[in-house]
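Report on one structure; see the data block that follows.
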Protein chains: 2
Amino acid sequence: MTAPALTKNQSLVFDVLSRSDAPLSAYTILDKLRDHGFRAPLQVYRALDKLLERGMVHRLESLNAFVACAHQEKECCGGHGHGTVAFAICESCGHVVEFHDHAVDHRLDDWARERKFKPAKTTIEIRGLCEQCAA
Amino acid sequence: MTAPALTKNQSLVFDVLSRSDAPLSAYTILDKLRDHGFRAPLQVYRALDKLLERGMVHRLESLNAFVACAHQEKECCGGHGHGTVAFAICESCGHVVEFHDHAVDHRLDDWARERKFKPAKTTIEIRGLCEQCAA
DNA sequence: TCAATTGCGTTATGCTATAACGTGTGTCAT
DNA sequence: ATGACACACGTTATAGCATAACGCAATTGA
Ligand SMILES: [Zn+2]
Ligand SMILES: [Zn+2]
Ligand SMILES: [Zn+2]
Ligand SMILES: [Zn+2]
């Protein structure tokens, strides 16, 4: 039941994402890891796949970029085992806020149930300007 | 105030999207329009940009693909002048349903207002299985 | 020990999107 | 008219994102 340890490559990728204060593209991650022996995009993508599976990393579809999950292990909704997560992305400074909203989740869930649509993964991304940048 | 007519290229691209029952990538559109003189991606992307501006076409971020807007001109929320729109995307048959949900919109709006975040564009995409394909 | 699984590294390729250049065509103020 | 401007268009080249296909090594579990 308890997940196996991260491999070396997975740890390296996760570390880079954790330290970043903005989303990173796979190729940016690659560049940051060249000194650690990374040579090809696949090394990054394979690590990202595993981290995404675990919910430790999220993909921002509107940016083709990735962020470390901002949840603590045991937060509401089970931390990394969270349901749908939403993002507010500042187009000026690049800062991203990850959040849940149960009302939104349930509303979309109801919509799906009414139409007998079976959701697998839901993307919610608000792009705009954060408080700092909107001033 | 009334929008200028579509150019030839814009019409061709819009037609292709309108006739399709699934989202199309820019390159797929290009292929479908080679017989009409299209030779390069930019011809498609430039037309798409204008159609997106007008709200006649939507981009599905999680698919890197495009669909014709499913609204009628004068539907609720002003038809093509609509606010946030959401999509349910079947991963099996490719069918896409476009919808509004005011409750979701307002909830996300509230979230943003509370944090003084200024939304510019919001993406909501539910991927899963439609009723037909879930059976 | 033998198979199956998983991760890894490499090369090559494919898909998505834009930069930069020049052309032609209208509009509009001079 | 003529020049200035805006805008659509066409072309070539390039940038950015993602996966296919190969082979090797380590791990696991019958
Ligand atoms: Zn998360
Ligand atoms: Zn900002
Ligand atoms: Zn629409
Ligand atoms: Zn379906």
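As a basis for the values below, the full set of heavy atoms in this structure was taken, side chains included, without hydrogen atoms, waters or symmetry mates. Remember, it's a predicted structure, so these values are computed and weren't measured experimentally. Every chain is numbered from 1, with letters handed out A, B, ... down the list of sequences.
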For DNA chain D, which residues of residues 28-39 of chain B approach it to below 4.0 angstrom with any heavy atom?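 Hits under 4.0 Å, by residue number: B/Arg39.
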
Rounded to the nearest angstrom, tell me the gap between atom CG in A/Leu48 and atom C1' in D/dC17.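 Rounded to whole Å, this separation is 12 Å.
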
Report the distance from atom CG of A/Leu63 to atom P of D/dC17, rounded to the nearest whole Å.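 Result: 10 Å.
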
Donor-acceptor contacts under 3.5 Å from residues 5-13 of chain B side chains, at least two apart:
residue: B/Thr7; atom: OG1; partner: B/Gln10; partner atom: N; Å: 3.3
residue: B/Thr7; atom: OG1; partner: B/Gln10; partner atom: NE2; Å: 3.4
residue: B/Gln10; atom: OE1; partner: B/Thr7; partner atom: N; Å: 3.2
residue: B/Ser11; atom: OG; partner: B/Thr7; partner atom: O; Å: 3.1

Could you measure the distance from the CG atom of A/Leu24 to the CG atom of A/Leu60? Nearest 0.5 Å is fine.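 Between atom CG of A/Leu24 and atom CG of A/Leu60 there are 10.5 Å.
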
A/Tyr27 (side chain) and D/dA15 (base): donor-acceptor pair under 3.5 Å: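 Donor-acceptor pair under 3.5 Å: no.
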
Taking atom NZ of B/Lys116 as the centre, does the number of heavy atoms from other residues, nucleotides or ligands within less than 6.0 Å exceed 12?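 Not buried by this count: 12 neighbours or fewer within 6.0 Å.
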
Are any protein N/O atoms closer than 3.5 Å to N/O atoms in nucleotides 5-9 of chain D? If there are, list each pair with its distance.
residue: D/dA8; atom: OP2; partner: B/Lys50; partner atom: NZ; Å: 3.2
residue: D/dC9; atom: OP1; partner: B/Thr7; partner atom: OG1; Å: 2.7
residue: D/dC9; atom: OP1; partner: B/Asn9; partner atom: N; Å: 3.4

How close do B/Phe14 and B/Ala68 get, heavy atom to heavy atom, and via which atoms?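 Closest approach of B/Phe14 to B/Ala68, heavy atoms only: CE1-CB, 4.1 Å.
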
Between B/Arg59 and B/Glu61 (salt bridge meaning N to carboxylate O under 4.0 Å), is one present in this structure?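 Answer for the salt bridge query: yes.
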
Any B/Cys130 side-chain heavy atom under 4.5 Å of B/Cys93 side chain: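 Yes, close enough: below the 4.5 Å cut-off.
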
Between which nucleotides of DNA chain C, 5' to 3', does chain A make heavy-atom contacts below 4.0 Å?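 Footprint of chain A along DNA chain C, 5' to 3': C/dG7 to C/dT11.
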
Is B/Asn64 near enough to D/dC17 that one of its side-chain N or O atoms lies under 4.0 angstrom from OP1 or OP2?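 It does not, given that no N or O in the side chain of B/Asn64 lies less than 4.0 Å from OP1 or OP2 of D/dC17.
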
Angle between ring planes, B/His58 versus B/His71, binned at 30° and 60°: parallel, tilted or perpendicular?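 Aromatic pair B/His58/B/His71 classed perpendicular.
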
How would you list, by chain and number, every residue that makes a salt bridge (Lys or Arg N to Asp or Glu O under 4.0 Å) with B/Glu131, sequence neighbours excluded?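 Testing B/Glu131 for salt bridge (Lys or Arg N to Asp or Glu O under 4.0 Å), a comparison that skips the adjacent residues, returns none.
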
Can you list, pair by pair, the side-chain donor-acceptor contacts under 3.5 Å of residues 35-51 of chain B, counting residues two or more places apart and other chains?
residue: B/Gln43; atom: OE1; partner: B/Arg39; partner atom: N; Å: 2.6
residue: B/Gln43; atom: OE1; partner: B/Ala40; partner atom: N; Å: 2.9

I would like to know whether A/Val104 and B/Trp111 meet side-chain contact (heavy atoms from CB on, under 4.5 Å); could you show each step before the answer? CA-CA 10 Å; A/Val104 170; B/Trp111 186 94; over 6 Å; no

